[in-house]
Amino acid sequence: MPHEPKQDPQTVLPSGERVAPLIDGVKIRYAVTQVDERGSLCEIFNPAWAFHTGPLVYLYEFSIAPGRAKGWVMHKEQDDRIFLRHGRVKIVLYDDRPQSKTYKMLNVLCFSDQNRMLISYPDHIYHAFQNIGSTEAVLINLPTKAYNHANPDKFRLPLINDKIPYRFDTISGGG
């Protein structure tokens with residue numbers, strides 16, 4: 001019996017916005033890069049942007065080697081605000097908040113140099129990152145609380161676990 005072709009579902013609006021819903025509390029602000037003959041400028045964070053919660057108190061950069069994944073991590077006391085500086089990454093979020101209207105929802109989001117962004121997600125959201133490009137991916141985190149070296153607000157699950165219904169296509173690495 002021959003297979004009949006299936007029409008793709010709509011994934012974006014004519015404005016370019018995603019059709020799929022985001023986990024409650026997740027916000028994305030796409031970065032605009034200004035370019036002229038001298039070079040470029042890209043704003044990473046502005047407290048005037050309406051979707052931010054909490055002050056800018058701490059900032060760090062991390063990288064992910066090609067094909068590698070980092071996660072699953074969840075915070076109980078801070079929100080993360082992640083900016084993709086360079087590379088191509090898949091960010092997977094899982095809502096583990098029983099009181100949330102999006103409890104147990106997954107978001108799988110891909111970003112690259114062509115559509116850099118700042119993504120904000122609240123505490124109790126498990127998150128993992130995978131470099132899906134061929135060069136090192138570089139991200140900047142601007143969490144709402146400074147890192148506590150003596151008592152880290154990081155709770156981890158292995159990349160393969162029974163709690164989160166997601167499997168990366170290829171896995172190299174862990175937390």
Listed by chain and number, what are the side-chain hydrogen bond (donor to acceptor under 3.5 Å, both in side chains) partners of [X], not counting sequence neighbours?
X	value
Asn141	Tyr60, Asp80
Lys163	Asp96
Arg88	none

Can you name the residues that form a ring-ring contact (aromatic ring centres under 6.0 Å, His included) with [X], not counting sequence neighbours?
X	result
Tyr147	His149
Tyr126	none
Phe155	none
His75	His127

Is any side-chain heavy atom of [Y] closer than 4.5 Å to one of [X]?
X	Y	value
Val89	Leu139	yes
Leu22	Tyr121	no
Ile119	Leu84	no
Val92	Gln130	no
Met105	Pro21	yes
Glu61	Val138	yes

Donor-acceptor contact present, side-chain [X] to main-chain [Y], <3.5 Å:
X	Y	answer
Thr102	Asp24	yes
Arg116	Arg85	yes
Asp95	Ile23	no
Asn131	Ser134	no
Lys27	Leu118	no

| request: Go through Phe45 and Arg81 one step at a time and tell me if the side-chain contact (heavy atoms from CB on, under 4.5 Å) criterion holds. | output: CA-CA 9 Å; Phe45 178 86; Arg81 298 175 288 208; 3.8 Å; yes
| task | Would you please test Ile140 and Ile82 for side-chain contact (heavy atoms from CB on, under 4.5 Å) and show each step? | result | CA-CA 6 Å; Ile140 297 170; Ile82 305 287; over 6 Å; no
Shortest non-hydrogen separation from [X] to [Y] and the atoms involved:
X	Y	value
Leu106	Tyr166	CD1-CB, 4.0 Å
Ala31	Glu43	CB-O, 4.4 Å
Ser40	Thr33	CB-CG2, 3.8 Å
Asp153	Lys76	OD1-N, 2.8 Å
Asn115	Cys110	ND2-O, 4.0 Å
Leu159	Ala128	CD2-CB, 4.5 Å

| request: Run the numbers on Lys70 and Phe62 for side-chain contact (heavy atoms from CB on, under 4.5 Å), then give the verdict. | output: CA-CA 10 Å; Lys70 288 187 173 189; Phe62 66 98; 4.2 Å; yes
Rounded to the nearest 0.5 Å, what separation is found between the [atom1] atom of [X] and the [atom2] atom of [Y]?
X	Y	atom1	atom2	result
Leu157	Trp72	CG	CH2	9.0 Å
Ile91	Ile132	CD1	CD1	9.5 Å
Ile125	Ser100	CD1	OG	6.5 Å
Phe111	Ile28	CZ	CD1	4.0 Å
Lys90	Phe168	NZ	CZ	6.5 Å
Asp79	Asp123	CG	CG	5.5 Å

| task | Apply side chain to side chain contact (heavy atoms under 4.5 Å, CB included) to Ala146 and list each qualifying residue two or more places apart in sequence or on a separate chain. | result |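 Side chain to side chain contact (heavy atoms under 4.5 Å, CB included) list for Ala146, sorted by chain: Tyr58.
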| field | For Glu4, all residues meeting salt bridge (Lys or Arg N to Asp or Glu O under 4.0 Å), sequence neighbours excluded | value |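 By the salt bridge (Lys or Arg N to Asp or Glu O under 4.0 Å) rule, Glu4 matches no residue at all.
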| field | Sequence-distant partners of Arg18, salt bridge (Lys or Arg N to Asp or Glu O under 4.0 Å), two or more places apart | value |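 None.
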| task | Considering only Ile, Leu, Val, Met, Phe, Trp and Tyr, and joining two whenever side-chain heavy atoms are under 4.5 Å apart, list the other residues clustered with Val19. | result |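 ILVMFWY cluster around Val19 also holds Leu13.
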| task | Output, in order, the C-alpha distance, side-chain angles, deciding distance and verdict of side-chain contact (heavy atoms from CB on, under 4.5 Å) for Tyr94 and Lys104. | result | CA-CA 6 Å; Tyr94 177 73; Lys104 294 189 177 185; 3.3 Å; yes
| said: Other residues, nucleotides and ligands only: do more than 12 of their heavy atoms fall within 6.0 Å of CG on Asp36? | reply: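 Above 12, so yes.
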| task | Using the salt bridge (Lys or Arg N to Asp or Glu O under 4.0 Å) rule, collect all pairs that involve residues 124-147, keeping only residues at least two apart or in two chains. | result |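 Found Glu77-Lys145.
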